[in-house]
Amino acid sequence: MPAITRLPRLTPKETLALALKLVVPTLAQGVVLRRPLIVRLTALLDADTRAVRLLDRLRAEHGDGPLLVRVPFRGWAVLPLAPRDVRRVLDDRTLTPATREKRGALGHFQPEGVLITADTDLRDRRRALNDRVLHTDFAPFTRVVEEEVATLPRHGVLTWREWRAAHWRAVRRIVLGDGARDDVTLMRQLGRLRRDANWSYLRGRRTDVRAAFRRRLSAHLARAEPGSLAAALAQTPSETDVCPEGQVPHWLFAFEAAGIAAYRALALLAAHPGPRDATHLRAAVLESVRLWPTTLAILRETTGPTEWDVPEGSVVALYSPYVNRAEPGDSYRPELWLDGRGEWAGVPFSDGFARCPGEDLVLFTAAAFLGAFLRERSVRPSVRMTDPLPGTLDHFRLRFAVKAAAR
């Protein structure tokens with residue numbers, strides 16, 4: 001048993017500042033489905049930058065080690081800030097990703113999902129299934145992306161609504177096959193469940209909506225269209241308790257974040273001319289997620305004794321905007337993902353044993369989307385994209401002036 005470390009505790013005044021500048025804005029934006037009005041407000045207030053500056057001050061006051069925070073009705077929260085502690089947390093298998101908060105939220109629409117599976121062995125089996133299916137052959141998806149990008153404007157103005165619609169059509173085809181391309185009802189049902197998920201345990205379960213969503217999803221999966229993830233899932237053996245179908249809602253959920261990341265990356269690419277090959281486009285997407293994380297907080301929960309003086313069931317919280325910017329800074333730095341120097345660049349796709357299993361697929365799809373769009377277009381974003389880059393980027397109001405690229 002390692003020596004127990006007594007962590008510095010925040011004072012009531014510091015705890016209140018943390019709640020007002022970090023916790024409230026994070027929760028208000030929507031942890032599962034973003035609320036456009038609140039995202040707009042936090043962007044106007046530059047809330048993420050304010051939170052990062054507060055953590056900088058707390059780190060200067062208390063040192064580089066994790067901080068201990070008293071949370072009403074929850075117990076204790078550990079807040080690691082230094083890269084070494086972030087890595088240690090994400091590699092520690094005794095810290096479960098199936099936290100109380102996450103189970104309450106994601107249980108609304110993916111109760112069998114790997115991220116909220118508390119049993120370690122079952123989580124490993126579900127993780128193995130996700131790994132196998134999500135590392136299928138990506139080649140068929142290129143055609144899907146090209147066809148959906150072709151529906152986007154070549155002249156005029158590009159809005160998030162248009163980008164999101166085209167991206168969702170591509171996602172439904174990639175995950176479920178061409179037969180699901182126009183099934184907006186499926187996404188409307190998922191959206192309703194995700195809005196409820198923002199409230200975690202405070203909102204009751206809509207079992208009727210979830211049952212209707214699962215019926216539509218099951219019908220698409222049953223077709224197992226060749227060239228889709230549904231086909232790969234049907235061909236991948238698994239044990240009965242893994243619930244293959246129960247993993248799919250998270251794929252759809254995660255792909256929304258990919259669309260946001262690609263749209264923000266488009267703004268970065270417009271402001272920073274450079275190569276447009278797949279490797280550089282992938283780096284732009286990674287920079288987009290580093291600079292503006294689509295998951296604002298990565299949570300773990302203690303399941304037994306730890307090196308810290310905290311009781312079992314305490315939450316460990318990594319604030320992504322701080323973790324991702326503390327070392328690399330606020331500038332666009334695609335070289336972090338190109339030169340292989342191994343420099344710390346945050347955790348855009350989490351890390352450790354619970355790292356996103358769909359990272360390669362998401363990056364492939366996002367880069368392909370950007371590449372297809374920029375091949376015949378040039379764009380100008382509606383917001384300033386010079387250094388230092390804004391702490392919050394409101395993708396809902398982000399627009400692009402689009403014109404055909406010179407040949």
I'd like to know if the side chain of Thr294 reaches the main chain of Ala257, judged simply by a donor and an acceptor atom lying under 3.5 Å from each other, with no hydrogens or angles considered.
no

Quick check: closest heavy atoms across Leu233 and Val248, and the distance to 0.1 Å?
CD2-CG2, 3.8 Å

Phe373 and Val402, any side-chain heavy atoms less than 4.5 Å apart:
yes

Exactly one of Asp85, Leu81, Leu79 clears side-chain contact (heavy atoms from CB on, under 4.5 Å) with Pro66, and that residue is Asp85

Work out which heavy atom in Val89 is nearest to a heavy atom in Arg300; give both atom names and the distance.
CG1-CG, 4.1 Å

Honestly, is Arg9 close enough over Trp76, meaning NZ or CZ under 6.0 Å from the six-membered ring centre and within 45° of the axis?
yes

Side-chain heavy-atom pair Ile260, Trp160 within 4.5 angstrom cut-off:
yes

So do the side chains of Pro97 and Leu299 get within less than 4.5 Å of each other, counting heavy atoms only?
no

Could you pull out the closest heavy-atom pair between Gly65 and Arg84, with the gap in Å?
N-NH2, 4.3 Å

Mind checking whether Arg173 and Asp182 have side chains closer than 4.5 Å, heavy atoms only?
no

Hey, does Pro153 have a side-chain heavy atom less than 4.5 Å from the side chain of Arg377?
no

May I ask you to decide if Pro390's main-chain N or O and Trp292's side chain share a donor-acceptor pair within less than 3.5 Å?
yes

Ion pair present between Arg223 and Asp178, side-chain N to carboxylate O less than 4.0 angstrom?
no

Walk me through whether Asp56 and Tyr322 qualify under side chain to side chain donor-acceptor pair (under 3.5 Å).
CA-CA 9 Å; Asp56 275 334; Tyr322 182 84; 3.2 Å; yes

Under a 3.5 Å distance rule, please check whether Glu301 uses its side chain to pair with a backbone N or O of Arg100 as donor and acceptor.
yes

Do the side chains of Asn324 and Leu291 get nearer than 4.5 Å, heavy atoms only?
no

Ring-plane angle category for Phe109 and Phe253, please: parallel below 30°, perpendicular beyond 60°, tilted otherwise.
perpendicular

For the backbone of Thr386 and the side chain of Arg384, can you confirm whether one donor and one acceptor N or O come within less than 3.5 Å of each other?
yes

salt_bridge(Arg276, Glu376) N-O dist < 4.0 Å:
no

Does atom CZ of Arg74 have more than 12 heavy-atom neighbours from other groups under 6.0 Å away?
yes

Can a salt bridge be assigned to the pair Arg375 and Glu146 using a cut-off of 4.0 Å between side-chain N and carboxylate O?
yes

Short side-chain to backbone donor-acceptor contact, Ser228 and Glu225, under 3.5 Å:
yes

Residues Asp91, Arg87: salt bridge by 4.0 Å N-O rule
no

Between Phe138 and Phe364, what is the ring plane arrangement, given parallel below 30°, perpendicular above 60°, and tilted in between?
tilted

I want to know whether Trp163 and Phe369 have ring centres closer than 6.0 Å.
yes

Neighbour count above 12 (heavy atom, 6.0 Å) for Arg399 CZ
no

Taking only Lys NZ, Arg NE, NH1 and NH2, and the carboxylate oxygens of Asp or Glu, determine whether Arg164 and Glu256 approach each other closer than 4.0 Å.
yes

Look at the side chain of Arg172 and the backbone N and O of Ala180, then say whether any donor-acceptor pair between them is shorter than 3.5 Å.
yes

Tell me, yes or no, whether the heavy-atom count around Arg205 atom CZ, taken from other residues, nucleotides or ligands under 6.0 Å, exceeds 12.
yes

For the atom pair SG (Cys356) and CG (Asp351), what is the distance rounded to the nearest 0.5 Å?
11.5 Å

Of the non-hydrogen atoms in Leu252 and Leu217, which two are nearest, and what is the gap between them?
CD1-CD1, 4.4 Å

From Leu190 atom CG to Leu33 atom CG, the distance as rounded to the nearest 0.5 Å:
8.5 Å

NZ or CZ of Arg35 within 45° of Trp199 ring axis and under 6.0 Å:
yes

Return the CG to CG distance between Leu336 and Leu286, rounded to the nearest 0.5 Å.
10.0 Å

Decide yes or no on side chain to side chain contact (heavy atoms under 4.5 Å, CB included) for Leu266 and Leu374, but give the supporting numbers first.
CA-CA 9 Å; Leu266 184 61; Leu374 290 171; 3.7 Å; yes

One pair to check against salt bridge (Lys or Arg N to Asp or Glu O under 4.0 Å): Arg93 and Asp124. What are the steps and the verdict?
CA-CA 11 Å; Arg93 290 180 64 88; Asp124 286 346; 2.9 Å; yes

Quick check against the 3.5 Å criterion: does Gln247 have a side-chain atom that pairs as donor or acceptor with the backbone of Val242?
yes

Quick check: do Leu176 and Leu186 have side-chain heavy atoms less than 4.5 Å from each other?
yes

What verdict does the side chain to side chain donor-acceptor pair (under 3.5 Å) test give for Arg169 and Thr151, after you've listed the backbone C-alpha separation in whole Å, the side-chain angles of each residue and the deciding distance to 0.1 Å?
CA-CA 11 Å; Arg169 290 193 296 269; Thr151 68; 2.8 Å; yes

For the residue pair Asp131 and Leu129, establish whether any side-chain heavy-atom pair is separated by less than 4.5 Å.
no

Cationic N near anionic O, under 4.0 Å, Glu112 to Arg126
no

Do Arg216's NZ or CZ and the ring of Phe213 fall within the cation-pi criteria of under 6.0 Å and 45°?
no

Looking only at the aromatic ring of each residue, does the gap between the centers of His395 and Tyr263 stay below 6.0 angstrom?
no

Is a donor on one side and an acceptor on the other found under 3.5 Å between the side chain of Glu307 and the backbone of Thr5?
no

Is it the case that the side chain of Arg123 and the backbone of Thr117 share a donor-acceptor pair, with hydrogens and angles ignored and the cut-off at 3.5 Å?
yes

Apply the test side chain to side chain contact (heavy atoms under 4.5 Å, CB included) to residues Leu67 and Val78: give CA-CA distance (whole Å), side-chain angles for both, the deciding distance (0.1 Å), then the verdict.
CA-CA 6 Å; Leu67 303 177; Val78 179; over 6 Å; no

Between CD on residue Gln29 and CG on residue Asp394, distance to nearest 0.5 Å:
9.0 Å

Go through Val86 and Ile298 one step at a time and tell me if the side chain to side chain contact (heavy atoms under 4.5 Å, CB included) criterion holds.
CA-CA 10 Å; Val86 172; Ile298 300 172; over 6 Å; no

Please report the shortest heavy-atom distance between Glu245 and Pro249, naming the atom on each side.
O-CD, 3.4 Å

Using modelled atom types only, decide if a donor and an acceptor are shared between the side chain of Arg192 and the backbone of Val209 within a distance under 3.5 Å.
no

Provide the closest heavy-atom pair for Trp337 versus Ala283 in the form atom of the first, atom of the second, distance.
CD1-O, 3.7 Å

If we ignore angles and hydrogens, is there a donor and acceptor under 3.5 Å between the side chains of Arg290 and Ser320?
no

